[in-house]
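Hydrogens, waters and symmetry mates are skipped; everything else that's a heavy atom, side chains included, is used.
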Amino acid sequence: MPVIQWLQLPQEVLLHIFTYLSPAEKANVRATCSYLRTLVDHPSLWRNSVIVFKSIRIFNARFWDTLQSRKISSVEVTRVTLKQFKKITSSLPDLTSVTMDSCLKGEILQGLRPLVNLQRLHLTDCSNVTDQDIFSEIALFQQLTHLSLCGVSFSGVLPLTSIILLKNLYSLSLHSKEGTVPERALQYILFRLPKLRELSLAVGNMNKWKLSLCFNVPDNFVSTAEEQPCISRLQLHKLELMNSGSASLSNNAFDQLSTLKSVCLRHYNYLQHEEFIETLLTKLPQLTELRIEWASPFVPIMSPICSKLEKLSVVGTKISNATLSWISKSAVQLKCLNLNFSYGYDEEMVKSFPRLFPHLQNLYLSNNRLNEEALVVLANLYSLRVLDISNNLHLNPEAILAFRKITSNRIGLILERPIESVKYCCW
């Protein structure tokens with residue numbers, strides 16, 4: 001058969017090949033000829049890309065034309081002036097996602113107005129903007145589906161209630177500077193956002209009853225002619241609570257949260273209080289994912305609980321052999337176990353994982369002490385497909401090579417991760 005030059009392949013095939021390239025590799029291919037430059041700039045190759053702007057003073061007209069041809073839809077912006085931000089919004093009219101990673105000012109928020117298709121907005125530092133300015137601008141984007149506000153200070157109830165105008169909101173994150181959210185205002189909006197499925201709150205200064213009130217059907221404390229109807233039940237699928245000093249919730253709150261499939265507890269101080277973890281597994285029948293990150297340890301008191309849990313993360317948190325054994329009996333179908341940066345259990349417990357968690361498909365043991373003998377035993381996890389043993393100083397290349405031979409390379413090993421702080425920092 002005649003030899004076919006790879007440039008003679010159909011464009012659809014080349015585009016598919018290019019989807020596996022990193023941005024740097026795409027740049028190298030793009031620099032070879034005009035034909036490949038046109039292909040590399042095809043919007044399909046940049047659909048999920050995020051352009052990070054640290055400074056836009058050095059970019060010329062050709063740069064902006066290139067981004068327009070790629071139909072870039074997501075950007076992350078650091079410190080920029082209003083004039084510079086207007087340049088971004090005018091040059092990239094197709095933007096649907098914006099992350100502003102800088103100290104905001106009210107005038108910068110006004111620069112968002114041309115983005116009529118904006119669906120995702122993440123403001124990482126709202127400490128220099130009043131909540132009135134923030135919510136008066138955000139209320140203009142009624143097509144928003146994802147909203148995240150960090151470092152916001154709440155002056156009262158009314159500014160926050162304007163969120164009810166975002167009828168399509170699917171995900172909402174409110175991380176306040178003071179560690180509290182006006183519970184009456186939050187209660188009001190949660191029951192007037194029928195499409196809301198994901199909620200993240202920093203609740204450091206909210207006690208059990210204030211937090212529980214947010215998830216109870218509200219009374220008529222605000223009444224206007226345009227008031228939206230109140231839904232009878234929340235339909236949340238994912239809940240994240242951060243920096244809490246009060247773990248538990250009321251029975252009425254748990255009843256409203258019965259549709260939850262994923263719960264994350266980050267920087268939680270009192271997991272042992274009122275047997276909170278056991279209560280979560282008991283009161284939330286649809287829960288399949290539980291994440292405990294940089295939190296206080298917990299020791300189960302109750303007998304094992306039959307749950308649907310499939311994913312468990314215990315990151316940067318002490319967890320004992322006894323607790324892991326209890327989890328194996330309470331989550332018999334566990335498929336993903338993340339113990340990155342965790343401690344409190346020994347290598348003998350790791351050796352028992354094939355017996356305790358026979359259905360594991362993903363296991364993460366980054367920054368944990370793991371010797372060669374324990375690694376070999378993990379080869380008996382026959383459903384395992386991903387194993388993270390990064391940043392482990394006790395495994396030499398020979399041990400890793402032996403593991404690959406034993407498993408016939410059926411398990412993807414993660415051997416390196418950037419050494420950086422993984423603690424999630426927010427207000």
> Within a strict 4.5 Å, meaning less than it, do heavy atoms of the L381 and P354 side chains meet?
Replying inline: yes

> Mind checking whether N252 and S212 have side chains closer than 4.5 Å, heavy atoms only?
Replying inline: no

>> Between T288 (side chain only) and K308 (backbone N and O only), is there a donor and an acceptor less than 3.5 Å apart?
In response: no

>> So, applying side chain to side chain contact (heavy atoms under 4.5 Å, CB included) with I72, which one of V50, T96, I51 is it?
In response: I51

>> Can a side-chain donor-acceptor contact be found between S390 and D388 if the only test is distance below 3.5 angstrom?
In response: yes

>> Counting only heavy atoms not in R30 (residues, nucleotides, ligands), do more than 12 fall under 6.0 Å from its CZ?
In response: yes

>> Are more than 12 heavy atoms, taken from residues, nucleotides or ligands other than N48, located less than 6.0 Å from that residue's CG atom?
In response: no

> Between V315 and Y364, is any pair of side-chain heavy atoms under 4.5 Å apart?
Replying inline: no

> Can you tell me how far the OG atom of S73 sits from the CH2 atom of W46, to the nearest 0.5 Å?
Replying inline: 12.5 Å

> Backbone N or O of K71 within a donor-acceptor pair of the D94 side chain at under 3.5 Å?
Replying inline: no

>> Atom NZ of residue position K26 - does it have more than 12 heavy atoms of other residues, nucleotides or ligands inside 6.0 Å?
In response: yes

>> Less than 3.5 Å apart, any donor N or O on the side chain of Q286 or T259 sitting next to an acceptor on the other?
In response: no

> Going by atom types alone, do S262 and E289 pair a side-chain donor with an acceptor below 3.5 Å?
Replying inline: yes

> Are the side chain of T317 and the backbone of W294 linked by a donor-acceptor contact shorter than 3.5 Å?
Replying inline: yes

>> With heavy-atom distances below 4.5 Å as the criterion, would you say the side chains of V75 and L92 are in contact?
In response: yes

>> I'd like to know whether L169 forms a side-chain contact (heavy atoms from CB on, under 4.5 Å) with L147, so could you lay out the CA-CA distance, the side-chain angles of the two residues, the decisive distance to 0.1 Å, and finally the verdict.
In response: CA-CA 8 Å; L169 205 60; L147 174 63; 4.0 Å; yes

>> For N380 and Y382: C-alpha separation, side-chain torsions, deciding distance, then whether side-chain contact (heavy atoms from CB on, under 4.5 Å) applies.
In response: CA-CA 5 Å; N380 294 317; Y382 298 112; 3.3 Å; yes

> What pair of heavy atoms forms the shortest contact from L166 to F141, and how long is it?
Replying inline: CD2-O, 3.1 Å

>> Counting only heavy atoms from other residues, nucleotides and ligands, does the tally under 6.0 Å from NE2 of H16 exceed 12?
In response: no

> Do side-chain atoms of Q132 reach the backbone of P159 as a donor and acceptor pair under 3.5 angstrom?
Replying inline: no

> Quick one: are F298 and I292 in side-chain contact, heavy atoms under 4.5 Å?
Replying inline: yes

> Is a side-chain donor-acceptor pair under 3.5 Å present for S258 with R233?
Replying inline: yes

> For atom NZ of K351, is the number of surrounding heavy atoms from other residues, nucleotides or ligands below 6.0 Å larger than 12?
Replying inline: yes

> Atom CD in E25, atom OH in Y20: separation rounded to 0.5 Å?
Replying inline: 13.5 Å

> Looking only at heavy atoms, which two atoms of W326 and E278 are closest? And how far apart?
Replying inline: CZ2-CG, 3.8 Å

>> Please determine whether side-chain contact (heavy atoms from CB on, under 4.5 Å) holds for the pair H122 and H146, giving the CA-CA distance in whole Å, both sets of side-chain angles, and the decisive distance to 0.1 Å.
In response: CA-CA 8 Å; H122 182 192; H146 293 70; over 6 Å; no

> Nearest 0.5 Å, what's the NE2-OH distance between H237 and Y170?
Replying inline: 6.5 Å

> Between K195 and K167, what is the shortest heavy-atom contact and its length?
Replying inline: CD-O, 3.7 Å

> If we only count heavy atoms from C-beta on, is the F85 to F53 side-chain gap below 4.5 Å?
Replying inline: no

>> Measuring from atom CD of E198 to atom NZ of K238, what distance do you get when rounded to the nearest 0.5 angstrom?
In response: 5.0 Å

> Distance from E76 atom CD to M100 atom CE, nearest 0.5 Å?
Replying inline: 11.0 Å

> Quick one: does T161's side chain have a donor or acceptor within less than 3.5 Å of a partner on A185's backbone?
Replying inline: no

>> I need the minimum non-hydrogen distance between I231 and L193, along with the two atoms involved.
In response: CD1-O, 4.5 Å

> Can you find a pair of side-chain heavy atoms, one from S171 and one from R197, that are under 4.5 Å apart?
Replying inline: no

>> Evaluate F403 against L413 for side-chain contact (heavy atoms from CB on, under 4.5 Å), listing each step before the verdict.
In response: CA-CA 10 Å; F403 180 82; L413 292 179; 3.7 Å; yes

>> I'd like to know if the side chain of Q187 and the backbone of L213 have a donor-acceptor N/O pair within less than 3.5 Å.
In response: yes

Counting only pairs under 3.5 Å, give me each side-chain donor-acceptor contact of residues 333-340, with atom names and distances, residues two or more places apart or in other chains.
| from | atom 1 | to | atom 2 | distance (Å) |
| --- | --- | --- | --- | --- |
| N338 | OD1 | N340 | N | 3.0 |
| N338 | OD1 | N340 | ND2 | 3.3 |
| N340 | OD1 | L365 | N | 3.4 |
| N340 | OD1 | S366 | N | 2.7 |

> Do side-chain atoms of Q256 reach the backbone of S232 as a donor and acceptor pair under 3.5 angstrom?
Replying inline: yes

> From L140 CG over to L118 CG, what is the distance, rounded to the nearest 0.5 angstrom?
Replying inline: 11.0 Å

>> Around atom CG of L393, are there more than 12 heavy atoms from other residues, nucleotides or ligands closer than 6.0 Å?
In response: no

>> Determine whether a donor-acceptor pair (N or O, by modelled atom type, separation under 3.5 Å) exists between the side chain of Q143 and the backbone of V116.
In response: yes

>> When you measure from the side chain of N321 to the backbone of D346, do you find a donor-acceptor pair of N or O atoms at a distance under 3.5 Å?
In response: yes

> Are the side chain of S383 and the backbone of H359 linked by a donor-acceptor contact shorter than 3.5 Å?
Replying inline: no

>> side chain to side chain donor-acceptor pair (under 3.5 Å), that's the test. Do Q68 and S91 meet it? Break it down for me.
In response: CA-CA 7 Å; Q68 285 184 358; S91 301; 4.9 Å; no

>> If you compare all heavy atoms of C150 against all heavy atoms of T124, which two are closest, and at what distance to 0.1 Å?
In response: CB-O, 3.3 Å

> How about R192 and I163: do any of their side-chain heavy atoms sit closer than 4.5 Å?
Replying inline: no

>> On a heavy-atom basis, which atom in L375 and which in A399 lie closest, and how many Å separate them?
In response: CD2-O, 4.0 Å

>> Taking CZ in R369 as the centre, count heavy atoms belonging to other residues, nucleotides or ligands within less than 6.0 Å. Is the count above 12?
In response: no

